2 protein chains.
Amino acid sequence: MFEARLVQGNLLKKVVDAVKDLVTDANFDCSSSGFTLQAMDNSHVSLVSLSLRSDGFEHFRCDRNMSMGMSLGNLAKILKCAGNDDIVTMKAADDGDTVTFMFESPKEDRVSDFELKLMDIDSEHLGIPDTDYAATVTLPAAEYQRICRDLSSIGDTVVISATKDGVKFSSSGDVGTANITVRQNTTADKKEEQVSIDLKEPVALTFALRYLNSFAKATPLASHVSLSMARDLPVMVDYQISDMGHLRFYLAPKIEDEDGGDMEGQDEA
Amino acid sequence: MFEARLVQGNLLKKVVDAVKDLVTDANFDCSSSGFTLQAMDNSHVSLVSLSLRSDGFEHFRCDRNMSMGMSLGNLAKILKCAGNDDIVTMKAADDGDTVTFMFESPKEDRVSDFELKLMDIDSEHLGIPDTDYAATVTLPAAEYQRICRDLSSIGDTVVISATKDGVKFSSSGDVGTANITVRQNTTADKKEEQVSIDLKEPVALTFALRYLNSFAKATPLASHVSLSMARDLPVMVDYQISDMGHLRFYLAPKIEDEDGGDMEGQDEA
DNA sequence: TATACCACGC
DNA sequence: GCGTGGTATA
């Protein structure tokens, strides 16, 4: 059987809220090492990868590897019924076709249980190659979300350029053009506001803002987000879930220009 | 003539907001003992009963019994024009066809008056028989509202089962099944969180969540709500209005099962 | 199903 | 006054 008890139940709610607009149905894979999900989005453009390690749960038992297919919309409805401070326990029998979510209020005066029907979903387990990224920029998740949202009102795509000094987000469209530059500041300030850049070589890639905005639904999960990029390879947008794992998104860049080195020209594209 | 002065004017606003989605037009009945309203909802399924005793008003005068038919939508619009701390005075002449609402700001620096046209409404004064309920459960109004709202995303109906230990709310639908159990705790805690159960015999009844959710609009009127149930009889959902009276709703149970004694089997229904 | 507006709580 | 959550509409 599978049984996992998560004290910080709202974390699960945040994860599902972040993914459900991208992926309608997905397999959750359980093993003794933890709880993972990997899926292409509905339009098969981007890839979502969730990993929650078993040691992040208060209690975790998985006798046998199992893959549980769920409707993320229905799962979200159920998780919405949990109180914000509730403890969530998931249970599934090895041979069952349902999974049960139990919510306990902190004061133990209310207990709810919800049973969700499992679905058969073709799992296309795409391996994600270990990539040697040219640049990884880390910035406050809320600030990044704001940037993506703001640029959406200017254009459909954004050019993200990382240099040793900072990261520049550029868009253009009918309205005009926009450039938002965030400087590296590992120094003083509050930890919350730190921006760091790990750069092997400068890189500039173009992405569809529509997907970046969907990914940014994960903002409540983490204080910071990191963007890892390499020329002509998908960006990895990484939200670390403290003490438990991560929620990552992958999106291939638009290839508009054979010369990826100097992206200044793309502002007009 | 009729004249009634209510220091806590926003109470009237809350009452009308709670009822206006259920009943479009209704007669307010005034007598020397107070101010009441009784009406079937628009679809003639549930019944609303409001009672505000004359002693709850700062001043109350009613020379002659009268029935004032009002559009609750229009009444709500007028009451929305009152400040939250305003003192409200209602006035009507015995032979008039209007009622006047006067709002006085606490500092007496602003006075408004609004005149509402009265309507002729067929009053079908249904007597409500005194019922010997098998069970009455009392729980925090906000918690009850949350339960009804949450279960609405699972199914259309709820089975409410009262036992000596607690009350269980169960729903099922396409998404799956849900059970929310609230335990009795008359003991410690804050008064706000008390749940009490007055039980003669266990009872379990099925209701349409749509109506329970409409009734729950009365939540701002009271800290607690009580549900009084007896087999095959309408539930009484009671919001006490402190020192003045009550707003009550009645809804007949769905009869899905001739055997009302053991409702466990209804979980599958 | 996703977006926009409105109301309530912090 | 700002932010979040819920409701209603397209």
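These values consider heavy atoms only, across backbone and side chains, with no hydrogens, waters or symmetry-generated copies. Proteins come first, then strands; the chains are lettered A, B, ... in the order of their sequence lines, and each starts at number 1. Note that the structure is a prediction, hence the values are computed from the model and not measured.
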- request: Any chance you could lay out the ring-ring contact (aromatic ring centres under 6.0 Å, His included) test for A:F114 and A:F103, step after step, and finish with the verdict?
  value: CA-CA 8 Å; A:F114 292 78; A:F103 306 143; 5.3 Å; yes
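- Of all heavy-atom pairs spanning B:G155 and B:S171, the tightest one is N-CB, 4.4 Å.
- With rounding to the nearest 0.5 Å, the separation of NZ in A:K168 from CG in A:N179 is 5.0 Å.
- Minimum heavy-atom separation, B:L50 to B:F28: CD2-CE2, 4.3 Å.
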Anything under 3.5 Å between a protein N or O and an N or O of nucleotides 1-10 of chain D, put it in a table, one pair a line.
{"unit_1": "D:dG6", "atom_1": "OP1", "unit_2": "B:R149", "atom_2": "NH1", "d": "3.4"}

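- Annotation for A:S170 and A:L151: closest pair N-CD1, 4.4 Å, computed over non-hydrogen atoms.
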